[in-house]
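Each remark here refers to the structure printed beneath this line.
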Amino acid sequence: MLADIEEFYRLDRLPHIWCPGCGNGIVLACLVKAIKELKYDQDKTVVVSGIGCSSRASAYLDFNTLHTTHGRALAFATGIKLAKPELNIFVITGDGDSSAIGGNHLIHAARRNIDLNVVIFNNNIYGMTGGQYSPLTPKVQKATTAPYGTIERPFDLAKLVEAAGATYVARSTAYHTRLTTELIINGAKNKGFSVTEVISQCPVSYGRRNRFNTPAAMLEWQREMAVPVIKARSMAPEELEGKIITGELYRGHAPEYVSEYTKLTQRLKEEAEGV
Amino acid sequence: MLADIEEFYRLDRLPHIWCPGCGNGIVLACLVKAIKELKYDQDKTVVVSGIGCSSRASAYLDFNTLHTTHGRALAFATGIKLAKPELNIFVITGDGDSSAIGGNHLIHAARRNIDLNVVIFNNNIYGMTGGQYSPLTPKVQKATTAPYGTIERPFDLAKLVEAAGATYVARSTAYHTRLTTELIINGAKNKGFSVTEVISQCPVSYGRRNRFNTPAAMLEWQREMAVPVIKARSMAPEELEGKIITGELYRGHAPEYVSEYTKLTQRLKEEAEGV
Amino acid sequence: MSNPRCEIRLSGSGGQGIILAGIILAEAAVLDGRNVVQTQSYGPEARGGASKAEVIISAGEIDYPKVAEPDVLLAMTQEAYNRYGDSLRKGYPLIIDSTLVQEVGQVTGPVYAIPITTLAREKLGKEMSANMVALGALVGLTQAVTWEHLLKAALSRVPKDTADLNQKALELGREAAQARLKQQGINGLACGKESLGLVSP
Amino acid sequence: MSNPRCEIRLSGSGGQGIILAGIILAEAAVLDGRNVVQTQSYGPEARGGASKAEVIISAGEIDYPKVAEPDVLLAMTQEAYNRYGDSLRKGYPLIIDSTLVQEVGQVTGPVYAIPITTLAREKLGKEMSANMVALGALVGLTQAVTWEHLLKAALSRVPKDTADLNQKALELGREAAQARLKQQGINGLACGKESLGLVSP
Amino acid sequence: MSGPTKPRLMQGNEACAEGALAAGVRFFAGYPITPSTEIAEILAERLPLLGGKFIQMEDEIASMAAVIGASLAGVKAITATSGPGFSLKQENIGFAAMAEVPCVVVNVQRTGPSTGVPTAAGQGDVLQARWGTHGDHPVIALCPSCVRETFELTVTAVNLSEKYRVPVILLMDEVIAHMREKVELPSPGEIKVIDRKKPRTPPEKFVPYQPDADGVPPMANFGEGYRYHVTGLIHDKMGFPTNKGPEIAGLVTRLTGKIEQNAADIIRWEGLYLEDAEVVVVAYGCVARSAREAVKKLRREGLNVGLFRPVTLWPFPAAEIAKRASRARGLVVAELNLGQLKLEVERASQGKTGVHFVGRIDGELLTPREIIAQVKGVL
Amino acid sequence: MSGPTKPRLMQGNEACAEGALAAGVRFFAGYPITPSTEIAEILAERLPLLGGKFIQMEDEIASMAAVIGASLAGVKAITATSGPGFSLKQENIGFAAMAEVPCVVVNVQRTGPSTGVPTAAGQGDVLQARWGTHGDHPVIALCPSCVRETFELTVTAVNLSEKYRVPVILLMDEVIAHMREKVELPSPGEIKVIDRKKPRTPPEKFVPYQPDADGVPPMANFGEGYRYHVTGLIHDKMGFPTNKGPEIAGLVTRLTGKIEQNAADIIRWEGLYLEDAEVVVVAYGCVARSAREAVKKLRREGLNVGLFRPVTLWPFPAAEIAKRASRARGLVVAELNLGQLKLEVERASQGKTGVHFVGRIDGELLTPREIIAQVKGVL
Amino acid sequence: MPKDPANIGKPEVAIKDSWCKGCGICVALCPKKVLVMNAQGKAVVACPEKCVGCKMCAEHCPDYAITVEVE
Amino acid sequence: MPKDPANIGKPEVAIKDSWCKGCGICVALCPKKVLVMNAQGKAVVACPEKCVGCKMCAEHCPDYAITVEVE
Ligand SMILES: Cc1ncc(C[n+]2csc(CCOP(=O)(O)OP(=O)(O)O)c2C)c(N)n1
Ligand SMILES: Cc1ncc(C[n+]2csc(CCOP(=O)(O)OP(=O)(O)O)c2C)c(N)n1
Ligand code: SF4
Ligand code: SF4
Ligand code: SF4
Ligand code: SF4
Ligand code: SF4
Ligand code: SF4
Ligand SMILES: [Mg+2]
Ligand SMILES: [Mg+2]
């Protein structure tokens, strides 16, 4: 499977550190395929990640890669993009990284509608630290810090980033590899802040504790729960309970931050010359 | 005007430090009236604030008052509420305090739907530090750090907290004092996370720079721009451009965090006794 | 004298533009070729309460940059006077805005009571210009900086379309000051013990 | 001996339950009334790669808590063997899961090759029990802790409904070990130079 | 019941969690981070059973804030983290110091700056524990070197935080945190628990920041009838913001002064063979174990070597070190960093003897052999 | 053009902003906080005119992150803050140290821990500047004591950060930041600007963390054809995570070692009347001005007193202090804190002379009179 | 002070001078032009008789300087 | 290695043993039961002839251990 995309991997870093059956490798390949199809110059492409199992992904990719501090990938990426707007930036982040400690940077990047492409590897758990619940762990599910089932309500992350100002919001799963690739491509083509949430599996820190016997069972669960957004529109809320709505969930129109900045400097230049 | 509510003020701390014409004093009185009408026990009521001009308010009130660090009021308040659920908690915060540095705590408190009552003193600016733009400064408006007009898009804060999970979202202005009081009362009655955003005026750090000649002109602007939510529903988006939609904007239903916790401990107790 | 040094404190309330006045004064001193340090009080204090700006003008190096005992004090509000009145060096001049400062305690030096705010309101139609009136008066009295450079400094710091207004305000202040000096029969005040001494009583 | 001390290293891959085995061993030693320290390697390492648990059992105080040169090494995967094989004290016993460890380099002590994973799969229908089979074998060979306490410790650490399975697994390991010892004509191994020495070769 | 409980195998992090419960802690807020996570996990299981509260916050900043909030509400509270999280907590640790809110912050140190090596051992946060937050501030930091001591020092940490109204840092390391050891815990009856002083005046007369002779003001909990103001601004005795010079100076001085003034009560250290020691090894935390083994071996070889183990790193037992410095031929500081406490030892010994150093920063514990080699070099 | 520019009145914060621009900084990310805000405000106005970028981030953590990002993209970047924000930035400062990303952090110190007195002067973050982030890490901290020097040291800070690939702290104080002074700035031609070393190998052969003899590896900017990995984890020479002991130790040692090794190039200090000084006053930042006035006055009284002003607080000019300690009858450290640099002076002087202290923590600047009194007490 | 009988039943507006910061809000918002700013820049009651007791002034005085008593 | 003529035009599945972590996903997802786990816990191609080249296995192998060549 790597053959067609191996030029984008740092092959000498493989095999990766992820556990057997972990979804990260699958989702990562989707991202790489998307970049390949986008025909982005490898030298002009940057992959920024936070901290978490998923965020380890950046080290395996042969781009300009930056593995930041926990939750802060988007803030680092904002600096890079503003400093050098010609770079194409992808941000890899986990559910915890993006929505727990990184929640503020997520909504502010969305508000600015800055041209960054975020892929959220949502395995519903803090994988790296061994299975504590995250803001995206479904209620009642178990985690090491929710031994009696979590009592917290998870975010509807897509709704949140839409409300915060993202202009492209999509969702897929590790099972739906082709869809994932397509959605990432479309997100990248959106000039603005694009978020693609990919439901992935963590068999070790989440699956085991929540009655998934094998990684394959988790992938199958993803297949079963997925409802394409078009179909979902004609379904009742109760029917959608617990389902994963996939596809392009939202597209908005708003000025992109770096372009606005460029316009400002342009305007100032013209004013200065005009005087 | 104080006569009917002065028992809730620390009179020896007055006059307050706010500039002539600042809206903080007006909004604060609305909050105090709401608490009075709610008949909360002063000893069982806590007012938590962050850092900013508005957040100085807590010192003037005769409750258990806590003036925290910038942006963190909700996290402190979460600790208090969870530790002692019988306390009634009001959180006073500015637009910067709540939506810039404090944005993450805001959305997470909303997600948990924890029974806190937030009053956001939104003067569209960082007042305390002298007039830098905030995530709620309208586009093109000027600020010391946006000398050419801000190019950032502001949050629709109400939409954001709704998407994050708040179960009561309302908006009013400093001009609409009675409405403000009512909305805060209704928010307090909601068992869950309640947000009341009050548009207020900062004549010194915002008004002057943005062509408001007097504090009164800013209040009048609030009056003119306000559109009650019922009326707004029948208006076109273009008509609503730049308007302040007031009233109860959203009401949701979801389990409240501390109650869920109590239920959990109850369940565990029963299980333990059952064995 | 080896280190003629003049220390000036301007005080008032947050919204009065005291700090701007201090900066203009300092800038004028720079244009005069003097060494100068200007400091101020900042923050919540500068909101409601008393606010101050300080200027040290010296021919020599200025190490310690703060003013402890000013050689001249301008007080634009009662609160400012109450707070800083005592700090004035014994026997040195006090300038007050008599519109807003109603009570002055025991003083050891000359007091120049000028209705600064009233002048600004009545003669210029702009209370906001009171700071410039005050600055004009202060320089008129002390001649701490040359008038030419004061004007130049002021005009470089205010919006272009208010240049006239501000110049008028400065002059209004100077005239009021000169009228007082005339009453006293002197040309100006020494500023500081080791005075810049442009004039003498 | 004043400080009879036995140092054991268990190694394998992240998912094999090596650390749990180490903990049970340590707990059994506590029940035996020994001093014990148990350590392990954590983190991303414990994800894909080699993972280890170490147990020091001693009659005396245990200060330095780490194992440098174990008196016995269990290697449950090839990678674990490759990584830790060399650390084994010269002449001391090596236990390998011969299902997964195919190549063993130059060794100086006895090698006990037991098809641990195969046993678990074939005799118990649960590969996941390989760690318990290994632990049974290790204790069977070294008698580092008493069998009684090993069982007790194990049953207190595993889910109730798997008690039987786990007991069987332990016994399966012990039997395999005893069969080997019988071949050698001994009862057990000395564990460590300053050995706990429950038996002697 | 008295006498120690049954011996059991216990992990360092578990001992910390148990110690917290024994000290009366009934609130935990945290954010997971290796190698401290087990503390959260154990408390997540135990607290709801004891009527206590466990909450996983959105980050470490919020965790620290929630802990302070809970403590103000009268519930003893603790949080646990490691380096990156400890850095994030600093601002709010300063708040706790300023507002004098008792709380305990456990920092299980790992290797390296930044993300470093999350699962390897280190002692690189020793000076950060003292100086990590801005401004002059008080702090107490305790450092256990075995599992039982982890239990005990967690109790002590909670007690000292309550007694002196100060954030107390429990500075653990990965080795102690993750290792399991046979321990016999004291029985509940043997454990001394200290609670914050309550106001002795009625609410109308309550002056919230009026210290007693020990420098510590009694503390009222929110919701108990004493309505007062708590702020991170410099405040007067009533708790209200001030910018009057003497009040500023008075508060800052008292905040650190209350720790200095009570140093004798707070400072803890342990010595081994110090009486006639020509060389004194100074070590703490996990390294103290290697050092103890080294010293014992050296004694067996007939060499006059002793061990000085600071248990409170802050306040630092400087006077005790000075005493050793005057007598010994040399001090050998052994740490898992580039020499942090060494700086303090150098300062305390004022050139009276040579201060030598043996460190390791590769994520592994110093071995007794390495310490022995360094000591022999000095002898 | 050469020779100084026309004298003008300039504020400390303004000089900092101008210095940054003169050093080639074209990126600022920050979050407003008194008393540093003017730096942001001036750069918000100036940068867009120069094709540079200004962004106000959602908080200080994000600001620090954005600055690092921009620097990795090849644009010199700076941020400015004060105590509370400095505490929040610590985690990412550690990242910059670990990943060796040049950047400058201005901390305009104010009074007190926590929120303190936001508008009053203090020097309470001296040790935090050194030890604020977790783990052993390198740092350079510079401390200006007049407006012109603020300009110059900002240039120096940017230069040193580029040269040594290290975060540099410009430790200002409220007095210097807010005061306006007559200054004559050097002309652009006089200003020496240093840029990071670029790789000298083609991309295929590039080893991103292979240091030159000076301990500093050349740096490739993102987007320029050198694709490499940057991480806050301990990494090998290729930039990839490692947990091999020797690689861990190698990196941590080199990170701090590159500063120690180049100390002679980095350390800056200034002396006044030191040759025959019987008492040496040690002061920095705004206090150095009071001290200078005090020393001049004392000299006029015929007393042999000198001034030692560390300009780099970190690395600390310990050898120079040791030299003074051997000769002087006493050292008097004057600071706006409870004695932070004093600890370092004590350590450096190793008991060779008495180290005395005069401090102020009431938000006001020490007066020459107070310093004189303390010096006379020692003489 | 006993009330002037002519004013009984009339709303009574009072301004606490020391708390007034002179923002001018009350003057601008009073529908009856009851209030004016004085030379010291403080609000004063100029035409008490015109007051209708609507409390616009008191409700919007940020400094709690105004009391309106309506019997 | 030249291809067995019988297999020309047939999809070819290959598993890189050293990269396989034995998660079992490919085995579970293969619609044709082409793959099985071996005693060492690694996936192996048991019935190559049944392969229809759908690439379900390769697309979902988290470890990039599977190549499916379809001519
Ligand atoms: C400041 C900080 N806090 C906590 C951690 C510990 N930590 C590392 S990864 C992680 C959570 C990862 O969860 P997620 O983002 O969902 O990624 P996953 O591992 O599940 O892919 C945490 C809490 C850290 N490294 N830094
Ligand atoms: C960590 C930290 N960063 C920055 C500041 C400086 N600061 C104080 S208040 C404030 C903004 C206040 O704005 P807002 O919340 O809108 O309140 P307002 O003053 O407008 O009422 C800032 C940036 C601080 N005190 N702490
Ligand atoms: S812990 Fe979970 S997320 Fe992390 S590598 Fe293992 S399976 Fe994947
Ligand atoms: S600065 Fe603005 S918000 Fe702050 S007190 Fe003044 S008017 Fe009010
Ligand atoms: S109560 Fe109404 S009418 Fe009377 S003074 Fe106030 S605003 Fe005017
Ligand atoms: S509204 Fe209040 S503060 Fe403003 S002028 Fe009127 S009385 Fe004075
Ligand atoms: S390509 Fe399809 S049929 Fe062939 S082995 Fe893979 S999953 Fe099975
Ligand atoms: S999916 Fe890949 S890693 Fe998993 S068993 Fe199959 S080949 Fe092995
Ligand atoms: Mg996750
Ligand atoms: Mg605001």
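Letters A, B, ... are given to chains in the order of the sequence lines, protein chains preceding strands, and every chain is numbered from 1. The shown structure was predicted, so the numbers you read here are calculated from the model rather than taken from an experiment. Any value given below was found using the heavy atoms of this structure, including those in side chains, with hydrogens, waters and symmetry copies removed.
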_To the closest 0.5 Å, what do you measure between CG (B:Leu2) and CG (G:Asp63)?_
10.0 Å

*Around B:Ile230, counting heavy atoms of other residues, nucleotides and ligands shown, do more than 12 lie under 6.0 Å from its CD1?*
no

*Which atom of G:Leu29 lies closest to which atom of B:Ala216, heavy atoms considered*: CD1-CB, 4.4 Å

_Gap between atom NZ of G:Lys55 and atom OG1 of B:Thr177 - 0.5 Å precision_ = 11.0 Å

*Do you know which two heavy atoms are closest between G:Cys23 and B:Pro20, and how far apart they sit?*
CB-C, 3.6 Å

_Could you measure the distance from the NE2 atom of B:His16 to the OH atom of G:Tyr64? Nearest 0.5 Å is fine._
5.5 Å

*Which heavy atom in G:Glu59 sits nearest to a heavy atom in B:Ile26, and how many Å separate them?*
O-CG2, 3.6 Å

*For atom CZ of B:Arg178, decide whether the heavy atoms of other residues, nucleotides or ligands shown that lie under 6.0 angstrom number more than 12.*
no

_Contact summary for G:Pro62 and B:Cys22, nearest pair of heavy atoms_ = CB-O, 3.0 Å

*Give, as side chain, backbone, both or neither, the part of B:Ala217 having an atom under 4.5 angstrom from any heavy atom of chain G.*
neither

*Measure B:Glu220 against the heavy atoms of chain G and call it side chain, backbone, both or neither at under 4.5 Å.*
side chain

*Donor-acceptor contact below 3.5 Å, side chain G:His60 vs main chain B:Leu219*: no

*Which of the residues B:Thr214, B:Asn24, B:Leu14 is involved in the greatest number of heavy-atom pairs with chain G at under 4.5 angstrom?*
B:Leu14

*Is the backbone N or O of B:Trp18 less than 3.5 Å from a side-chain atom of G:Lys21, with the two atoms forming a donor-acceptor pair by type?*
yes

*Just wondering, more than 12 heavy atoms not from B:Lys243 lying within 6.0 Å of its NZ?*
yes

